[in-house]
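For reference, the structure discussed in these notes is given below.
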Amino acid sequence: MRISSRHPRAASLRTRAHLTREMREGIVAPEGLIAHGRGEAFDYLLGERSSPSARRAEQVAAAWLRAARHPVVSVNGNVAALAANPLARLVRALPTLRTEVNLFHRTPARAAKIAARLRAAGIRSVLGVHPRVRIPNLPSDRALVDRAGIAQADVCLIPLEDGDRTEALRALGIRVISIDLNPLSRTSQQSDLPIVDELTRALEHITRSIRRSKTPAVPGHYRPFDRSRALADATATIERRLRRAMGEAARAPRLERRR
Ligand code: PTJ
């Protein structure tokens, strides 16, 4: 399908078409399309831009990743399809960051395809294709982790995650940084550092902040972060935008009914 660049939602339509192709290729799970729709709805409510509060969270995330001894980013089908290149730039900016494929709807073939996609983007070492360790008390395949990756992580960046695993990672003492446009999701609510922003924007901001940092990080020293404030800021943004839209709707002239 040809998408006219004059269409007011051309970028959104292109992303949808891309994800649909990636679903047919076996990178994205069918459920990933639904997850994307949910994300888009929240991005719409948040104004489709990174709020000052999200930008602050992204700066602290950069500092935490730099301060970590074993930072790991967890990658699912949607993340590989939407952000393989931004992820590769992040890994180049922070070579200690390990990349691990971790899937909810796991098949060996899908894990291998996603790893190949990440390698093609320039990430040389991709973990999680043959995971041998299980996170305790987690029934889904997301419990399967790599011995050299999440199994020894101290800070884990988890974009588009589910709440159960966020809780399970925290129970292991891992600091969790989430990227999720829904401030009400269990992931955002459970995360140590919830970034309520769109995936590709968030990754670019974290990478930029890492590149700009001048002083070396002190391993194991983490800047404090007010997670409740970050979540309250995001819900306040949504509330403000909805109130404004309701005011505008009330002031708009009614269309005359044709008889
Ligand atoms: O590839 P798999 O098999 O691991 O499956 C991945 C999905 C995404 C299908 C799986 O993790 C899932 O079902 O996720 P959920 O529970 O739907 O959660 C996804 C969350 O990500 C939702 O809260 C969305 O609002 C959010 N989200 C979706 N797209 C984006 C996003 N957040 C930031 N940026 C996005 N582009």
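Predicted model only: the values in this text are computed from it and were never measured. Hydrogens, waters and symmetry mates play no part in the numbers below; they use all other heavy atoms, side chains included.
Across all their heavy atoms, L199 and V79 have their closest contact at CD2-CA, 4.0 Å. Of all heavy-atom pairs spanning A62 and I210, the tightest one is CB-CG1, 3.6 Å. Between I195 and A57 the shortest heavy-atom distance is CG1-CB, 4.0 Å. A pairwise comparison of heavy atoms in P219 and R69 identifies O-NH2, 3.5 Å as the closest pair. When all heavy atoms of A111 and R106 are compared, the closest pair comes out as CB-NH2, 3.7 Å. In terms of heavy atoms, A153 sits closest to I174 at O-CG1, 3.5 Å.
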Test log, rule side-chain contact (heavy atoms from CB on, under 4.5 Å), inputs V73 and L90: CA-CA 10 Å; V73 56; L90 175 58; 5.5 Å; no
Let me see the working for R14 and S5 under side-chain contact (heavy atoms from CB on, under 4.5 Å), right down to the final yes or no. CA-CA 10 Å; R14 278 197 202 104; S5 52; 3.7 Å; yes
Assess whether salt bridge (charged side-chain N to carboxylate O under 4.0 Å, His left out) is satisfied between E25 and R21, documenting all intermediate values. CA-CA 6 Å; E25 292 274 315; R21 278 193 303 274; over 6 Å; no
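If you chain together hydrophobic residues whose side chains sit under 4.5 Å apart, V101 and I177 fall into the same group. L87 and V72 are not part of a single hydrophobic cluster, where members link through side-chain heavy atoms under 4.5 Å apart. L94 and I179 fall within the same hydrophobic cluster, where Ile, Leu, Val, Met, Phe, Trp and Tyr residues are linked whenever their side-chain heavy atoms come under 4.5 Å apart, directly or through other members. L82 and V28 fall within the same hydrophobic cluster, where Ile, Leu, Val, Met, Phe, Trp and Tyr residues are linked whenever their side-chain heavy atoms come under 4.5 Å apart, directly or through other members. No path of Ile, Leu, Val, Met, Phe, Trp and Tyr side chains, each step under 4.5 Å between heavy atoms, connects L193 with V196, placing them in separate hydrophobic clusters.
At a threshold of 4.5 Å between non-hydrogen side-chain atoms, the residues R201 and P86 do not count as touching. Side-chain contact between I238 and P183 is present, with at least one heavy-atom pair separated by less than 4.5 Å. Residues L157 and L203 are in side-chain contact: their nearest non-hydrogen atoms beyond the backbone lie under 4.5 Å apart. Annotation: side chain of V145 is not in contact with side chain of P131 (no heavy-atom distance under 4.5 Å). For the pair R56 and R229, the minimum side-chain heavy-atom distance is below 4.5 Å.
Between the CG atom of L138 and the CG atom of D162 there is a distance of 7.0 Å, given to the nearest 0.5 Å. Of the inter-residue distances, the one linking D192 atom CG with R175 atom CZ reads 6.5 Å to the nearest 0.5 angstrom. Once rounded to the nearest 0.5 Å, the distance linking CD of E198 with CG of L46 reads 11.0 Å. Note that the CD1 atom of I135 and the CG atom of N102 stand 7.0 Å from one another [nearest 0.5 Å]. For the atom pair I150 CD1 and L144 CG, the distance stands at 10.5 Å (nearest 0.5 Å). Atom CG of residue L172 and atom CG of residue D154 lie 12.5 Å apart, to the nearest 0.5 angstrom.
The pair R208-E58 does not count as a salt bridge, with every side-chain nitrogen at least 4.0 angstrom from each carboxylate oxygen. A salt bridge does not link R244 with E248: none of the charged nitrogens is closer than 4.0 Å to a carboxylate oxygen. Salt bridge R186/D164: present, at least one basic N to carboxylate O contact under 4.0 Å. D146 and R98 are not joined by a salt bridge, as no carboxylate oxygen comes within less than 4.0 angstrom of a charged side-chain nitrogen.
Within the 3.5 Å criterion, the main-chain N or O of H105 finds a donor-acceptor partner in the side chain of R110. Panel note: side chain N76, backbone L160; a donor-acceptor pair is recorded below 3.5 Å. A donor-acceptor contact shorter than 3.5 Å links the side chain of T15 to the backbone of A11. E100 places no side-chain N or O within donor-acceptor distance of the main-chain N or O of V126, the cut-off being under 3.5 Å. Within the 3.5 Å criterion, the main-chain N or O of R16 finds no donor-acceptor partner in the side chain of H36. Of the possible donor and acceptor atoms, one in the side chain of T187 sits under 3.5 Å from a partner among the backbone N and O of E161.
Pairs passing the salt bridge (charged side-chain N to carboxylate O under 4.0 Å, His left out) check and including a residue from residues 116-135, sequence neighbours excluded, read E22-R117.
When only modelled atom types and interatomic distance are considered, R89 and T207 share no side-chain donor-acceptor pair under 3.5 Å. Side-chain contact check for S74 and R165: at least one donor-acceptor pair (N or O, by modelled atom type) lies under 3.5 Å.
Considering only residues two or more places apart in sequence or on other chains, N182 meets the side chain to side chain contact (heavy atoms under 4.5 Å, CB included) condition with F42, D180, L184, S185.
The number of heavy atoms from other shown groups lying within 6.0 Å of NE2 (H130) does not exceed 12.
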